[in-house]
Amino acid sequence: MPIGFFGPRSAAFAVSALAMICLAGAGQAEPRHGLAMHGQPKLPADYTHLPYADPDAPKGGRITYAFVGSYDSLNPFIVKGAETTARGIWDVSLGNNVFEALLARNRDEAFSLYGLLAESVEVPEDRSSITFNLNPKAHFSDGVPVTQDDVIFSLEILRDKGRPNYKSWYSKVKSTEKIGEHGVKMNFGDGADRELPLLLGLMPILPKHATDIENFDRSTLKPLIGSGPYTMGEVKPGQSFELKRDPNYWGKDLPIKRGFDNFDTIKIDYYRDRNAMFEAFKKGLYDVNAEADPANWRNGYNFPAVTDGRVVKEGVVTGLPKGMLGFAMNTRRPIFEDVGVRKALASLFDFEWVDRNLFFDVYQRNASYFEGSELSSIGIPASDLEKSLLAPFPGAVEPDVLDGSYRPAVSDGSGGDRKLLRAALDLLKSSGYELKGNTLLNVETGKPFTFELLLKDREQERVGLAFARTLARIGIKASIRTVDSAQYERRVQEFDFDMIMTSWVASLSPGNEQNYRWSSAQADVPGSYNYVGARSPAIDALLKAILAAEERTEFIETVRALDRVLISQHYVVPLYYLPEQWVARWSRVGHPETQSVSGYTYPTWYATPAK
């Protein structure tokens, strides 16, 4: 599911949407209230609200969020001209507050979508098209109705001028046509991409009458108009950004929106670094602090507001795959072209030392790109289906990954396990390197093995320095360079790095976003998430197979096959993950008792009564 595409690396947020519709009669399409990947949507047509939203949540008040960095654009749908976009506009974490899609997710299902701007959808059995039937009540914040023309316009401008993933997805639509007064039919030609109908359902709908077509692909700080529950308020570039709840929001009584969008004002503040940001939280300058630093979680919350209950610490275990956090190696660089070199480096991260000395033993080790879920290949021998999918690509999967016995290297926790160092040197020797004195040299060129690890904050720097110390023991020099968020984003978008520390968030239904991360077609597309420059026929074939899978079992086994190839190619030095999601909040904001399988859903939060 596409996650990181709707905001600046919200990571980065997320998110996929997958679809399958239960149809009556061969080849016949009937209007339905929702779509699910395999089988039927869990919620009936007469559902009243999502299970993790409180339909009686109080309205009013304000909530303030905070992030490190800045922003220089209000258009979240483009790459060109913008280093970072303001959060909260079209955001997998904070919500799609300004713009809306035709359908909306239920975060409690592996992936199902329900009506929003479109009150129903129709998909024929062969999946050669999808028809969206617009809600006649839908309108933009300036009162202009959402029309068929807006839907077709959005498809075309995002395809032609939007982010690379939009071009990749929406180019699969062969033609569009208006059906009656409120229907828009999109024809695909075939149903090979079973996720495509839902990706179109998640397409942001832009107002044709209020969009600067000529300059759409350029950065702008001019407030934009959408159909969502909030309008853009005060804009202080690089400092803060406000959203104001629209009292005339058309969709506030829809079941998919009951219990959502409760604050009158949403404010997002920006800080130079995490230390300054956390000090601001302690002073009550913002309301919610999502915490990822175990040291801070353990020792940093000893200020009076925590002691007297004004700040509440909470943790929740999600049902999502834990994904992959790691040091990503850019295979566009000659130094990382050899898989043997990458495998050696991946074995040299001393997780046991780092977890004990930096993180109080709270982390667990990443092994799979779909860690902690049924999609992971770890501990499971390849099925017959997996073997048949992998058969055309001998050598794409290592034997221990194929039989399920693979695990990341385990050290003695010393920071310099001699056994692991020797094994890594053997791998590097087979790849043409030799240790001479205190320097590892390329035997053919005589050049030392050295690279730059590009990082964006001090938290990453601590881990990077620990890794660099271990590498130095076998003559590898990893220089650490920490830059500001704008420079970091620019260099990553242009693939101007040797190695970065990044994450790939996973969902229970990965789909087209995997193309954006791993396909050969995206390897040289600026702004794509194929950070590592993967160009693998095996990966490309499996990405197609994932999108074509019809049954859940087939889908799971195909994703596992992809997981095995990604692991075997050693694009990443696996790091670690937290067993639960940590959040601290000032008690002036609250949330429903029930959380979704995806964790905290900030758009369902609300202001609590004053005490």
Side-chain angles (χ1 to χ4, degrees), residues 2-15 67-93 157-171 204 215-221 237-238 270 323-333 336 451-457 460 464 480-505 512-535 571-572:
I3 294 185
F5 309 149
F6 310 125
R9 304 304 195 268
S10 304
F13 309 121
V15 151
F67 295 94
V68 173
S70 63
Y71 70 94
D72 62 0
S73 178
L74 298 180
N75 186 344
F77 309 119
I78 62 171
V79 172
K80 182 180 177 181
E83 301 295 348
T84 52
T85 306
R87 297 293 302 264
I89 297 170
W90 178 262
D91 197 307
V92 71
S93 176
I157 197 169
L158 291 169
R159 178 196 63 200
D160 298 339
K161 294 191 172 188
R163 298 184 67 89
N165 55 300
Y166 293 139
K167 179 178 178 62
S168 174
W169 301 337
Y170 304 158
S171 292
N215 297 308
F216 179 78
D217 56 355
R218 299 179 184 176
S219 175
T220 182
L221 288 170
Y270 290 84
M324 174 62 76
L325 171 71
F327 292 124
M329 291 172 268
N330 186 356
T331 64
R332 304 170 187 84
R333 301 286 208 247
F336 295 132
F451 66 90
E452 180 185 85
L453 175 54
L454 182 69
L455 303 173
K456 60 181 178 180
D457 59 44
Q460 290 190 350
I480 307 298
R481 184 171 185 187
T482 304
V483 298
D484 61 59
S485 60
Q487 184 179 353
Y488 180 86
E489 291 293 334
R490 181 174 64 253
R491 288 188 60 179
V492 170
Q493 286 183 3
E494 296 172 356
F495 308 127
D496 180 20
F497 62 88
D498 297 331
M499 181 185 287
I500 57 174
M501 181 176 174
T502 192
S503 62
W504 291 266
V505 180
N512 266 282
E513 86 286 354
Q514 301 297 315
N515 273 310
Y516 200 43
R517 296 174 179 182
W518 309 113
S519 72
S520 299
Q522 293 293 325
D524 294 318
V525 177
S528 85
Y529 295 139
N530 190 344
Y531 303 130
V532 302
R535 293 180 179 86
Y571 294 122
V572 173

| Could you state the interatomic distance from CG (Asp160) to CG (Asp217), rounded to the nearest 0.5 Å? | 10.5 Å

| said: When you compare the side chain of Phe216 with that of Phe77, does any pair of heavy atoms fall below 4.5 Å? | reply: yes

| Spacing of CD1 belonging to Ile480 relative to CG belonging to Leu455, to within rounding of 0.5 Å | 5.5 Å

| query | So do Pro164 and Val79 actually touch side chain to side chain, heavy atoms under 4.5 Å? | reply | yes

| query | Centre of Tyr166's six-membered ring, under 6.0 Å away, within 45 degrees of the axis: is that where NZ or CZ of Arg159 sits? | reply | no

| task | Assess whether side-chain contact (heavy atoms from CB on, under 4.5 Å) is satisfied between Ile78 and Lys161, documenting all intermediate values. | result | CA-CA 7 Å; Ile78 62 171; Lys161 294 191 172 188; 5.8 Å; no

| query | Could you walk me through whether Ser93 and Arg87 pass the side-chain contact (heavy atoms from CB on, under 4.5 Å) check? | reply | CA-CA 9 Å; Ser93 176; Arg87 297 293 302 264; 3.8 Å; yes

| message | Using every non-hydrogen atom in the two residues, find where Gln522 and Ser168 come nearest and quote the distance to one decimal. | response | NE2-CB, 4.0 Å

| remark: Of all heavy-atom pairs linking Phe495 and Asn530, the shortest is CE2-O, 3.8 Å

| note | Rounded to the nearest 0.5 angstrom, the CD-CZ distance for Gln493 and Arg163 is 6.5 Å

| message | One pair to check against side-chain contact (heavy atoms from CB on, under 4.5 Å): Asn330 and Val532. What are the steps and the verdict? | response | CA-CA 4 Å; Asn330 186 356; Val532 302; over 6 Å; no

| query | Within the side chain of Gln460, is there an N or O that forms a donor-acceptor pair under 3.5 Å with the backbone of Lys456? | reply | yes

| note | Heavy atoms of Tyr71 and Thr84 approach each other most closely as CA-OG1, 3.1 Å

| task | Please work out which of the three classes, parallel, tilted or perpendicular, describes the rings of Tyr531 and Phe497, given edges at 30° and 60°. | result | perpendicular

| message | Can you confirm whether Glu513 sits close enough to Tyr529 that some side-chain heavy atom of one is under 4.5 Å from a side-chain heavy atom of the other? | response | no

| message | Is the shortest side-chain heavy-atom distance between Asp524 and Arg332 below 4.5 Å? | response | yes

| What closest approach, in Å, do Ala86 and Leu74 show between heavy atoms, and which atom pair accounts for it? | CB-CD2, 3.8 Å

| Minimum heavy-atom separation for Asp91 to Gly88, with atom names? | OD2-N, 3.2 Å

| query | Does the side chain of Ser219 reach to within under 4.5 Å of the side chain of Asn75, using non-hydrogen atoms? | reply | no

| query | Tyr571 and Phe336: side-chain contact (heavy atoms from CB on, under 4.5 Å), yes or no, with the steps? | reply | CA-CA 9 Å; Tyr571 294 122; Phe336 295 132; over 6 Å; no

| Hey, are Arg333 and Asp496 close enough for a salt bridge, meaning a charged N less than 4.0 Å from a carboxylate O? | yes

| query | Is there side-chain contact between Ser519 and Arg535, with at least one heavy-atom pair below 4.5 Å? | reply | no

| request: Go through the structure and list residues passing side chain to side chain donor-acceptor pair (under 3.5 Å) with Trp518, not counting sequence neighbours. | output: Gln514

| task | For residues Lys167 and Leu158, determine if any side-chain heavy atom of one lies less than 4.5 Å from a side-chain heavy atom of the other. | result | no

| request: Could you tell me whether the side chain of Arg481 reaches within less than 4.5 Å of the side chain of Arg491, counting heavy atoms only? | output: yes

| message | Just to verify, which of Thr482, Asp457, Ile500 counts as forming a side chain to side chain contact (heavy atoms under 4.5 Å, CB included) with Tyr488? | response | Ile500

| message | Testing the basics here: between Ser73 and Leu221, what is the closest heavy-atom pair and its distance to 0.1 Å? | response | N-CD2, 3.8 Å

